[in-house]
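The next block holds one structure in the form of structure tokens; read it before the comments.
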Amino acid sequence: MENPQIAAALDEIADLLEFKGENPFRVRAYRNAGRLVRDQPESIARSVGDPDRPLTSIRGIGKDLAEKITQLVEQGRIDLLDELRAEIPASVMLLMRIPGLGPKKAAALYKELGVQSLDALREACLAHRVRELKGFGEKTEEAILAGIPFAATTSERIYWSEADRYVQSLVASLAVCPAAGRIAPAGSYRRGRETVADVDLLVESSDPAAVMDHFERLPEVVSKLGRGDTKLSVRLEGGLQVDLRVVPTESFGAALQYFTGSKDHNVVLRGLAKSRGLRVNEYGVFRVADRSGEAPAGEAGRVAGRTEEDVYAALGLPWIPPELREARREFEWAAHAALPELITVDDLRGDLHMHTTESDGKATLEQMAAAAQARGLEYIAITDHSPRVSMANGLGPDRLRRQWAAIDRLNDRLTGFVVLKGVEVDILEGGGLDLPDDVLAEADWVVASVHYGQRQPRAQITARITGALAHPSVAAIAHPTGRIINRRLPYEVDLEAVCQAAVRHGKLLELNANPARLDLDDVACAAAKAHGIPIVISSDAHSAEGLDVTRYGILQARRAGLTKADVANTRSWSEVKRLLGRGD
DNA sequence: GCCGTTTTCGGCCCGACTGTTTTCAGTCG
């Protein structure tokens with residue numbers, strides 16, 4: 001059983017307990033455990049029954065949760081979850097997906113009106129039975145009716161790259177507002193999560209009303225969800241929700257810290273502050289008076305707030321990069337002055353996975369080389385597909401050798417830049433590679449990947465990949481987890497076994513930077529790093545512009561805590577060769 | 001349900017906004 005499955009069960013228990021109105025801290029414990037399990041680089045199922053790695057050694061998982069996880073791994077079920085499911089119909093849980101409907105109101109609808117589905121809820125609203133309930137009214141009933149379609153479509157998350165386009169455009173639109181000072185995107189966008197559910201924007205201003213008026217009138221804004229003195233929530237064309245918050249200069253840093261989150265990171269931060277007699281909110285860090293527990297009024301008690309650095313410094317911490325703010329290990333690192341110096345896109349010196357018009361790319365060999373050189377890279381590997389990928393016009397030995405001859409001729413004309421003779425060789429359904437050994441031995445760089453037989457059992461696909469890692473000519477595995485965002489996994493892999501094979505054979509794993517793929521996600525990346533496996537961040541570009549996606553891959557690498565040293569292609573090509581034990 | 005150099009009980013982050021209430025609960029982030 002994989003960690004995400006275990007996490008999903010814990011999340012479901014949290015949801016059901018919350019609906020029942022259980023102790024909110026108990027709910028939080030389950031939710032927290034779900035997150036912890038999801039964030040573990042190692043397999044939780046493997047820890048079960050391993051006396052050297054008890055589940056309770058994970059901070060936040062105690063005796064009870066460890067027992068429940070153990071039961072799930074060993075029996076495939078949890079008593080508590082079965083009981084809760086028997087008690088609360090699954091369709092009722094959908095009610096809480098409606099904006100503005102939380103556990104309390106949803107429970108009231110279920111208990112008082114017997115509403116068990118979105119359809120039943122719609123009818124109850126239309127019959128004006130909802131407004132009769134205590135705590136409900138006419139407006140609530142209308143809001144519920146309007147929100148039902150949103151519950152049905154679930155909460156769509158968009159790719160970071162797509163959110164980026166919205167953010168760039170909104171920031172530009174805000175910048176022309178005379179009342180607006182500094183403008184900063186926050187939230188999960190700033191933390192670089194691979195998908196984003198909504199966009200948070202922070203604006204510095206002494207005139208919040210003017211900024212909000214300006215924003216509300218932007219053409220892409222289609223509806224207003226709420227507006228107060230400092231906060232405005234709108235929905236854009238296309239459904240994306242944007243929360244705008246306007247704060248004064250002296251609070252800008254505190255607000256940026258607060259709205260960047262994550263929520264769990266902030267909970268830890270505020271707990272830390274509390275233990276130091278301080279209170280953190282979006283306006284700053286304040287001293288709490290000794291007896292009353294009340295902060296001194298206004299500026300008097302303010303210790304920090306203008307910049308994020310001040311806020312963290314007031315708590316005795318170095319500034320923590322947003323990508324690390326997930327309540328994973330960042331506070332432990334920060335406390336010991338051991339925050340990793342995260343990799344940046346400028347650290348990349350080469351790109352080792354891309355295609356040309358010879359297979360399914362849109363640009364020629366020469367165009368790709370020129371584009372990469374123009375982007376400041378020192379080397380690229382051309383890795384077109386092998387014959388098995390016939391749909392992509394994969395290259396057999398003859399065409400491949402002709403392409404490599406063309407690369408030789410191109411290299412003669414280039415200075416300060418090298419094009420490597422590479423190939424993305426398919427790992428065949430029955431194991432083994434799609435090109436003869438003597439051909440592969442002539443290549444400078446071979447990445448191997450699975451394109452067919454993706455429905456095979458996990459163990460079989462894992463064996464194909466570990467087999468490829470054992471091949472002397474293979475340097476790296478592309479798509480080592482087969483993961484595609486927002487979709488079911490195309491294939492499932494035992495990442496632990498793949499990592500062990502990579503270590504055994506001294507091979508590399510690729511982080512594919514395609515925004516829809518990012519198949520070595522931040523958690524898997526951290527797992528590979530824990531094994532000491534060098535990561536290759538590759539564009540898998542099919543066009544000149546495709547080379548630019550490495551910046552999306554960099555975000556995930558940063559979230560995994562990767563430094564320059566952890567990534568192979570921050571090195572020169574001759575150093576990469578040495579890394580593979582193929583030094584000159 | 002978890003946790004503990006203010007330890008085994010009593011805490012557990014903090015505030016904005018809405019709609020309902022006439023002083024606040026629920027929801028959200």
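It should be emphasised that the depicted structure is a prediction, and the values quoted were computed from it without experimental measurement. So you know, we letter chains A, B, ... as the sequences are listed, proteins then strands, and number each from 1.
For A:E123, the CD atom counts as loosely surrounded, since its 6.0 Å shell holds 12 or fewer non-hydrogen atoms of other residues, nucleotides or ligands. In the displayed structure, A:E138 atom CD is contacted under 6.0 Å by at most 12 heavy atoms of other residues, nucleotides or ligands.
Residue-level contact check: A:V268 touches neither bases nor backbone, having no heavy atom under 4.0 Å from any strand. No contact: A:S233 has no heavy atom under 4.0 Å from any strand. In this structure, A:R245 reaches the sugar-phosphate backbone alone: every heavy-atom distance under 4.0 Å involves primed, P, OP1 or OP2 atoms, never a base.
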Let me see the working for A:L113 and A:L121 under side-chain contact (heavy atoms from CB on, under 4.5 Å), right down to the final yes or no.
CA-CA 9 Å; A:L113 295 179; A:L121 179 58; over 6 Å; no
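Listed by chain and residue number, nothing satisfies the salt bridge (charged side-chain N to carboxylate O under 4.0 Å, His left out) test with A:D52 (two or more places apart in sequence, or in another chain). For A:D207, there are no salt bridge (charged side-chain N to carboxylate O under 4.0 Å, His left out) partners, not counting sequence neighbours. Partners of A:P54 under the side-chain contact (heavy atoms from CB on, under 4.5 Å) rule, at least two apart in sequence or in another chain, are A:T56, A:S57. Residues satisfying the ring-ring contact (aromatic ring centres under 6.0 Å, His included) criterion with A:F331, sequence neighbours excluded, are A:H265. Residues forming a salt bridge (charged side-chain N to carboxylate O under 4.0 Å, His left out) with A:K63 (at least two apart in sequence, or on another chain): A:E67. Shown here are the side-chain hydrogen bond (donor to acceptor under 3.5 Å, both in side chains) partners of A:Q71, two or more places apart in sequence or in another chain: A:Q75, A:D79.
Comparing A:T230 and A:G62 against DNA chain B, the residue whose closest nucleotide sits nearer the 5' end is A:G62.
Donor-acceptor pairing under 3.5 Å is lacking for the side chains of A:S161 and A:D164.
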Polar-atom pairs under 3.5 Å, protein N or O versus N or O of nucleotides 25-29 of chain B: list them with distances, or write none.
residue : atom : partner : partner atom : Å
B:dT27  : OP1  : A:G102  : N            : 2.8
B:dT27  : OP1  : A:G102  : O            : 3.1
B:dT27  : OP1  : A:K104  : N            : 3.4
B:dT27  : OP1  : A:K105  : N            : 2.9
B:dT27  : OP2  : A:K104  : N            : 3.2
B:dT27  : O5'  : A:G102  : N            : 3.4
B:dC28  : OP1  : A:G100  : N            : 2.8
B:dG29  : N7   : A:K263  : NZ           : 3.1
B:dG29  : N2   : A:Y258  : OH           : 2.0
B:dG29  : N3   : A:Y258  : OH           : 3.0

Pairs under 3.5 Å (N/O, protein and nucleotides 18-22 of chain B):
residue : atom : partner : partner atom : Å
B:dT18  : OP1  : A:R227  : N            : 2.7
B:dT18  : OP1  : A:R227  : O            : 3.1
B:dT18  : OP2  : A:R227  : O            : 3.2
B:dG19  : O3'  : A:T140  : OG1          : 3.1
B:dT20  : OP1  : A:G137  : N            : 2.7
B:dT20  : OP1  : A:G137  : O            : 3.4
B:dT20  : OP1  : A:E138  : N            : 3.4
B:dT20  : OP1  : A:T140  : N            : 3.4
B:dT20  : OP1  : A:T140  : OG1          : 2.9

Considering only nitrogen or oxygen atoms on both sides, find all protein atoms under 3.5 Å from nucleotides 8-11 of chain B and state each distance.
none

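Distance, A:F286 CZ to B:dC13 P: 19 Å, rounded to whole Å. In this structure, the CG atom of A:L36 is 16 Å from the P atom of B:dG1, given to the nearest Å. Atom CZ of A:R276 is separated from atom P of B:dT5 by 15 Å (rounded to the nearest Å). In this entry the distance linking CG of A:L17 with C1' of B:dG1 reads 10 Å, nearest Å. Straight-line distance from the CD atom of A:E22 to the P atom of B:dC2: 13 Å, rounded to whole Å.
Using C1' as the reference atom, B:dC28 and B:dC13 are 14 Å apart when rounded to the nearest Å. Separating the P atom of B:dG10 from that of B:dG15 is a span of 25 Å, rounded to the nearest Å. For the P atoms, the distance linking B:dC17 with B:dG11 amounts to 30 Å, nearest Å. Comparing the P positions of B:dG29 and B:dT23 gives an interatomic distance of 29 Å, to the nearest angstrom. Spacing between B:dG1 and B:dT5 at atom C1', rounded to whole Å, works out to 24 Å.
Of the candidate nucleotides B:dG15, B:dG1, B:dC12, B:dG1 has the atom lying nearest to any side-chain atom of A:A29.
When both pairing distances are held under 3.5 Å, B:dG11 makes a Watson-Crick or G-U pair with B:dC2.
Near-neighbour residues of DNA chain B inside residues 308-332 of chain A, defined by a heavy atom below 4.0 Å, are absent. Using a 4.0 Å cutoff on non-hydrogen atoms, the parts of residues 66-73 of chain A near DNA chain B are A:K68, ordered by number.
Of the side-chain N and O atoms in A:R26, none sit less than 4.0 angstrom from OP1 or OP2 of B:dC12. The side chain of A:N281 contributes an N or O atom lying less than 4.0 Å from OP1 or OP2 of B:dG15.
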Extract all donor-acceptor atom pairs below 3.5 Å that involve side chains of residues 170-188 of chain A and protein atoms in other chains or at least two apart in sequence.
residue : atom : partner : partner atom : Å
A:S173  : OG   : A:S169  : O            : 2.9
A:R182  : NE   : A:E204  : OE1          : 3.1
A:R182  : NH2  : A:E204  : OE2          : 3.1

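Note on ring orientation: taking the six-membered ring where Trp is involved, the planes of A:Y189 and A:W160 are parallel (angle under 30°, cut-offs 30° and 60°).
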